**Student:** 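I'd like to ask you about the structure that follows.
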Amino acid sequence: MQCAVTGRRLGAAGVGVACWATASAWAQAVSDAAATAASGVASGAASAPEGVAAASGAAASAVATGVPLLTPVAQISAGDTAWMISATALVLLMTIPGLALFYAGMVRKKNVLGTMAQVLAVCALVSLLWFGWGYSLAFMPGSPWLGSGIATFLSTVQFHKMAGLVTTHPLAPTIPESVYVMFQLSFAIITPALIVGAFAERMRFAALLWFMGLWSILVYSPVAHWVWASDGWLAQRGALDFAGGTVVHINAGIAGLVAAFMLGKRKGYGQVALMPSNLAYTAIGASLLWVGWMGFNGGSAGAADGRAGMAMLVTQLGAAAAALAWMLAEWIVRRTPTLLGLCSGAVAGLVAITPASGFVSPSSAVLIGVAAGVGCYWGATGLKRLLGADDSLDVFGVHGVGGIIGALMTGWLADPEIGGVEGSVLTQGLAVLATLVYSGLASALILKLVDWVIGLRITEKQESDGLDLSQHGERVE
């Protein structure tokens, strides 16, 4: 690993100490810069501008490119900041309550509370892990494979009101770093929460917490760094993922499939009907996901601009096309269009348009949506039967397959007039393959470790009683 401040190569034994030292040096630079600006403000109006300029220069000299910098508050865009705060709230809405309701409606009544508890617990756990290490490993400069420890415990996130300074991240220079951290946190939350659907109704709650915590640090953060950090190896090769088709959906999809295989099938799977508890919950959850996705994709522009507007438009069109395509496919095959099919189709379209949303035209979005609707319908039916895994709520069939469709079609349909870059199907395929292999293998190892230490699966009696009673001592009356 290379130190982001000194540029020196670090051996494995020195990484931890060096990361601590780097973070400490950065914090000292921030403190010195703030003091410089504050003294400028205190000494009078004439010296204040010089104090702010000196502060910015001191911070800039203390850190390398890619590290958050102290920025005069006057340079922050109020419009961009307001939009990104709103977008962040929308993405958080996708998980709680959106995903919690979406999943709870599809499990049996005896598992409704347990499923919602899992989603809520993931939200809380990942938030603190992001504060501690996740953000730094994902978005700080380090190696092409992983970030550094510069921002552990969010040591780079600063706001000095009297000095008129705030830190900004180079990937979002017009908004405070605190807003950027929170926006990216909402992505880090929903990604492992999606995996919950693959092993619904059969994982121990304690095992879930250990698995999700380790997965967030060891899988999500590295893949996010590969694709989104300026020094990430896939980013340097031109891989396109505007809002998380690879980082979020393929990553979660393959992890969910591995988990479904390793936990085994639910009791009675394939022998008795495992009926959903309340599809009205699922429809409400899907609707919240659809609305929240506007912040998911539109916010990934990082600014309140034309690209954000285009991302929102193509998101709506992709979701609508996929919902109708899934409905039509189901109507032809099963002779009945269902509410669950419409909800699943809409989510499939949202998944597929995610990597493309900042790069494609409205007509391309409709094409992606149609492909996702039909492709994910097959993924949740035909492919699921071929694989033989009890992916309870079709996490791989929708998120994995939809993410792959979207990633590859982004390489084909990316319009340089919109995104400013050319797409490459080969490069997109490399990103898809790398994520499938790394996330799949790492997820299997983490699950194996957790199973060895505390056990993954609830007992047969606990499964018969349901998660609500066996894991939480509660139930829906």
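Predicted, not measured: the structure shown is a model, and the values here were computed from it. In what follows, residues are counted from 1 in the order of the sequence shown.
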**Student:** Tell me if the centroids of the rings in Phe131 and Tyr135 come within less than 6.0 Å of each other.
**Tutor:** no
**Student:** Would Ser443 and Trp215 satisfy side-chain hydrogen bond (donor to acceptor under 3.5 Å, both in side chains), going step by step from the backbone distance to the final call?
**Tutor:** CA-CA 7 Å; Ser443 298; Trp215 193 90; 2.9 Å; yes
**Student:** What closest approach, in Å, do Ile189 and Cys123 show between heavy atoms, and which atom pair accounts for it?
**Tutor:** CG2-CA, 3.7 Å
**Student:** Salt bridge or not for Lys384 and Asp391, using N-O below 4.0 Å?
**Tutor:** no
**Student:** Tell me whether Arg204 forms a cation-pi arrangement with Phe211, defined as NZ or CZ under 6.0 Å from the six-membered ring centre and within 45 degrees of its axis.
**Tutor:** no
**Student:** Judged by modelled atom types alone, do His225 and Asp231 share a side-chain donor-acceptor pair under 3.5 Å?
**Tutor:** yes
**Student:** Determine whether Phe296 and Ile190 satisfy the following criterion, side chain to side chain contact (heavy atoms under 4.5 Å, CB included), listing intermediate values before the conclusion.
**Tutor:** CA-CA 11 Å; Phe296 198 77; Ile190 197 170; 4.1 Å; yes
**Student:** Please determine which of Phe183, Trp133, Tyr180 meets the ring-ring contact (aromatic ring centres under 6.0 Å, His included) test together with Phe139.
**Tutor:** Tyr180
**Student:** Quick check: does any side chain N or O of Ser186 sit under 3.5 Å from a backbone N or O of Val91, one acting as donor and the other as acceptor?
**Tutor:** no
**Student:** Quick check on the 6.0 Å ring-centre criterion: do Tyr281 and Phe102 meet it?
**Tutor:** no
**Student:** Can you find a side-chain donor-acceptor pair between Arg237 and Ser424 that sits under 3.5 Å?
**Tutor:** no
**Student:** Taking it one step at a time, do Glu330 and Thr338 satisfy side-chain hydrogen bond (donor to acceptor under 3.5 Å, both in side chains)?
**Tutor:** CA-CA 8 Å; Glu330 187 177 45; Thr338 64; 2.9 Å; yes
**Student:** Quick check for you: to the nearest 0.5 Å, what is the distance between Glu201 atom CD and Asp390 atom CG?
**Tutor:** 8.5 Å
**Student:** Are Leu449 and Trp452 close enough that some pair of their side-chain heavy atoms sits under 4.5 Å apart?
**Tutor:** yes
**Student:** Do Tyr220 and Phe187 make the cut of ring centroids closer than 6.0 angstrom?
**Tutor:** no
**Student:** In Å, rounded to the nearest 0.5 Å, how long is the span from CD of Gln428 to CG of Asp241?
**Tutor:** 7.5 Å
**Student:** What is the distance from atom CD1 of Ile368 to atom CG of Leu413, rounded to the nearest 0.5 Å?
**Tutor:** 5.0 Å
**Student:** Assess the residue pair Ser178 and Phe159 against the criterion (side chain to side chain contact (heavy atoms under 4.5 Å, CB included)); give the C-alpha distance rounded to whole Å, side-chain angles, the decisive distance to 0.1 Å, and a yes or no.
**Tutor:** CA-CA 9 Å; Ser178 57; Phe159 174 58; over 6 Å; no
**Student:** Measure across Ile195 and Ala255 and return the closest heavy-atom pair with its distance rounded to 0.1 Å.
**Tutor:** CD1-CB, 3.8 Å
**Student:** Under the criterion side-chain contact (heavy atoms from CB on, under 4.5 Å), which of Ile454, Leu456, Ile446 is the partner of Trp210?
**Tutor:** Ile454
**Student:** Quick one: are Ile353 and Val360 in side-chain contact, heavy atoms under 4.5 Å?
**Tutor:** yes
**Student:** How about Thr354 and Trp293: does a side-chain donor come under 3.5 Å of a side-chain acceptor?
**Tutor:** yes
**Student:** Can you tell which of Asn251, Ile404, Thr246 makes a side-chain contact (heavy atoms from CB on, under 4.5 Å) with Leu436?
**Tutor:** Ile404
**Student:** CG/Leu339 to CE/Met327 distance, rounded to the nearest 0.5 angstrom?
**Tutor:** 12.0 Å
**Student:** So Arg202 and Ser392, side chain to side chain contact (heavy atoms under 4.5 Å, CB included) or not? Walk me through it.
**Tutor:** CA-CA 10 Å; Arg202 59 196 189 276; Ser392 307; 2.6 Å; yes
**Student:** Find out whether Ile250 and Val432 are in side-chain contact, i.e. whether some heavy atom of one side chain is under 4.5 Å from a heavy atom of the other.
**Tutor:** yes
**Student:** What distance do Leu467 atom CG and Leu208 atom CG have between them, rounded to the nearest 0.5 Å?
**Tutor:** 10.0 Å
**Student:** Show your reasoning for whether side chain to side chain contact (heavy atoms under 4.5 Å, CB included) applies to Thr191 and Val247.
**Tutor:** CA-CA 8 Å; Thr191 306; Val247 176; 5.7 Å; no
**Student:** Would you say Ile85 and Met182 make side-chain contact, with heavy atoms under 4.5 Å?
**Tutor:** no
**Student:** Is it the case that Trp290 and Gln316 place a side-chain donor and acceptor less than 3.5 Å from each other?
**Tutor:** yes
**Student:** To the closest 0.5 Å, what do you measure between CH2 (Trp130) and CG (Leu137)?
**Tutor:** 9.0 Å
**Student:** Side chains of Pro68 and Met140: closer than 4.5 Å at any heavy-atom pair?
**Tutor:** yes
**Student:** Are the aromatic rings of His169 and Trp228 close, with centres under 6.0 Å apart?
**Tutor:** no
**Student:** Does a side-chain heavy-atom distance below 4.5 Å link Phe396 with Ile254?
**Tutor:** yes
**Student:** Would you sort out whether Asn297 and Thr315 count as a side-chain hydrogen bond (donor to acceptor under 3.5 Å, both in side chains), showing the intermediate values?
**Tutor:** CA-CA 7 Å; Asn297 290 352; Thr315 298; 2.8 Å; yes
**Student:** Do Thr156 and Glu177 meet the criterion of a side-chain donor-acceptor pair at a distance under 3.5 Å?
**Tutor:** yes
